[in-house]
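Note that the numbering runs from 1 along the sequence shown for the chain. Keep in mind the model is a prediction, meaning the values are calculated, not measured.
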Amino acid sequence: MKFVVKTHLHRSPRLGELNQIPGKPDISLETPLVLLHTQCGLVPHITHWVLKRITQAPQILQIPIVSMHYHQDAIEYYNGRLSEFIGSKESLTYITLHDPANLMQQGHHIKDKVPVFTKRDGDTNVGSPNKRVLKAVDNTVAFVEQCIEKFKNSEALKNAFVIAPIAGGYSLKSRKKCIDRLLKHDEHFQGYLIDGLHNNGAEVEFIPMHEVKPIIEHIVEQLPPHKLRAVQGCWSPLHIIKLVNCGIDIFDTSYCKIVTERSAALVFSIDNNEISEAYEINLHQNKYAEQFQPLLKHCECITCKSYTRGYIHHLLTVRELLGNVLIMIHNVHHMLRFFEKIRECIKNDNVSELEKRIEDQFKLSKCGEFSSLQSDRSSTSVE
């Protein structure tokens, strides 16, 4: 598989294409692209069959190794591709160590080993001390070099698309040190993952962009411009579009999972002719009990075409599993459509308009939540 930048190499945001996919010569995928976050190869709350009703377009499934541990024996016994093992042989797979939707916990470390269920030495965030950051760089590079040796000596991996992780926390000096050491092996990499910004989970949504942006820009400036750039985590749509403006090519849909599990549906308007009353709506709230309209007017997902807000509120109230299924269907559909719009805006050179529209909705939504909270507190005090 190859990555090709379709716009000027130094332009941000940029369009790219993944092509020459082994076994799928007729398929090409445009970037910026969102990977479908899965657990055990399944998008949370929905089946492969339902996924095919959400989108017929080729997709890349992000599969965390941590979610596959229960099937270790079967995987070792099975003689075939992982995409076939999970029952989605038409999909491409992208393997990660941890699940970006779940916060990594502290745990026991063994020297020269990488833990699956807990943080490893390479996992850092904005509060990590300098000693840990330096250790993250050393360990990351050491493990990358081990992987390179396995890659060079493996017939099965010869066509793999290898992405190297960049550690260094929020230290520009440490980031440069890591990049300089990785660039010595650049010939083996098709892309780079900007790692060590967070410890996964819902907290990623609340990371201030002014903390992240200088790190991203510093890294992007030093990377080969023709190589793919990726980040992982539950970044909000507002975060995503700002990261796209920094030149990032690949994201994932783990944000859809955390939004769905707080019973919320993404309803921000994507096109400028759409009107939405909020950035997202929480269907658990009683005000939706008698709303007999779709989650989002004019949305073409199977949830919005067949079910109402009131019905989904009822499902959530009685704790029926179908409630989260219907919300997740809509959220994944909306996120895929959002990325289609991002690519369209890059082509038309008007990404800033999309960013402003989403940022305005986000601010109005947060103001509405604050007003609602204040109202609830006032009612409580009167009682």
Side-chain angles (χ1 to χ4, degrees), residues 3 5 9-14 96-98 100 103-104 106-107 109-115 118-149 162-201 203-235 239-240 242-251:
F3 174 68
V5 180
L9 285 178
H10 295 285
R11 174 182 171 177
S12 297
R14 64 185 195 166
T96 65
L97 184 64
H98 293 120
L103 179 66
M104 290 181 293
Q106 298 287 352
H109 299 290
I110 300 176
K111 187 177 180 181
D112 299 328
K113 302 291 183 181
V114 180
T118 59
K119 294 179 184 178
R120 67 188 190 280
D121 291 331
D123 295 315
T124 55
N125 55 38
V126 71
S128 297
N130 189 56
K131 183 178 179 180
R132 184 177 181 86
V133 170
L134 292 173
K135 194 173 184 180
V137 171
D138 291 337
N139 288 346
T140 296
V141 174
F143 284 123
V144 167
E145 289 174 343
Q146 290 181 36
C147 291
I148 290 172
E149 289 304 310
V162 181
I163 298 177
I166 301 172
Y170 285 75
S171 166
L172 299 182
K173 183 177 179 181
S174 296
R175 289 287 181 177
K176 187 176 189 314
K177 178 182 177 182
C178 187
I179 292 170
D180 289 344
R181 293 172 66 182
L182 291 175
L183 288 178
K184 295 176 182 178
H185 310 285
D186 181 65
E187 65 195 79
H188 301 294
F189 309 138
Q190 284 74 48
Y192 290 87
L193 169 69
I194 302 176
D195 204 5
L197 294 169
H198 54 76
N199 297 131
N200 294 326
E203 65 179 26
V204 177
E205 181 182 5
F206 306 104
I207 297 176
M209 195 61 199
H210 67 82
E211 294 179 353
V212 176
K213 188 176 179 181
I215 305 300
I216 298 290
E217 291 177 337
H218 174 76
I219 294 170
V220 167
E221 286 174 3
Q222 299 176 70
L223 293 179
H226 59 285
K227 296 293 178 79
L228 181 140
R229 308 156 186 162
V231 297
Q232 294 179 172
C234 303
W235 303 101
H239 275 126
I240 287 170
K242 290 181 182 296
L243 291 170
V244 164
N245 277 326
C246 294
I248 302 301
D249 305 301
I250 297 287
F251 302 84

Item checked: Those residues that, when tested against Lys242, pass salt bridge (Lys or Arg N to Asp or Glu O under 4.0 Å) (two or more places apart) -> Glu355, Glu359
Next item on the list: List in chain and number order the residues that pass salt bridge (Lys or Arg N to Asp or Glu O under 4.0 Å) with Lys173, two or more places apart in sequence or in another chain; answer none if no residue qualifies.
Entry: none
Item checked: Sidechain N-carboxylate O distance under 4.0 Å for Asp195, Arg175 -> no
Next item on the list: Could you list the residues that satisfy side chain to side chain contact (heavy atoms under 4.5 Å, CB included) with Val220, not counting sequence neighbours?
Entry: Ile216, Arg229, Ile248
Next item on the list: Could you list the residues that satisfy ring pair (Phe, Tyr, Trp, His ring centres under 6.0 Å) with Phe189, not counting sequence neighbours?
Entry: Tyr192
Margin query: Applying salt bridge (Lys or Arg N to Asp or Glu O under 4.0 Å), can you list everything that pairs with Asp180, at least two apart in sequence or on another chain?
Written below: Lys176
Checklist line | Those residues that, when tested against Ser12, pass side-chain hydrogen bond (donor to acceptor under 3.5 Å, both in side chains) (two or more places apart) | finding: none
Checklist line | Rounded distance (nearest 0.5 Å) linking atom CD1 of Ile179 with atom NZ of Lys177 | finding: 13.5 Å
Next item on the list: Taking the side chain as every heavy atom from C-beta outward, state whether Val212 and Leu243 have any pair of such atoms under 4.5 Å apart.
Entry: yes
Item checked: side chain to side chain donor-acceptor pair (under 3.5 Å): pairs with one or both residues in residues 211-221, sequence neighbours excluded -> His218-Gln222
Notebook entry, point to check: Listed by chain and number, what are the side-chain hydrogen bond (donor to acceptor under 3.5 Å, both in side chains) partners of Lys227, not counting sequence neighbours?
Noted result: Asp186
Note to self: Could you work out, with side-chain hydrogen bond (donor to acceptor under 3.5 Å, both in side chains) as the rule, every residue matching Glu145, not counting sequence neighbours?
What the structure shows: His185
Notebook entry, point to check: In chain order, what residues pass the side-chain hydrogen bond (donor to acceptor under 3.5 Å, both in side chains) check against Ser128, with sequence neighbours excluded?
Noted result: Asn125
Check: Going from CD1 on Ile240 to CG on Asn245, what distance comes out if it is rounded to the nearest 0.5 angstrom?
Finding: 12.5 Å
Notebook entry, point to check: What residues form a salt bridge (Lys or Arg N to Asp or Glu O under 4.0 Å) with Glu187, not counting sequence neighbours?
Noted result: none
Note to self: Could you check whether any side-chain heavy atom of Leu223 comes within less than 4.5 Å of a side-chain heavy atom of Ile166, counting everything from C-beta outward?
What the structure shows: yes
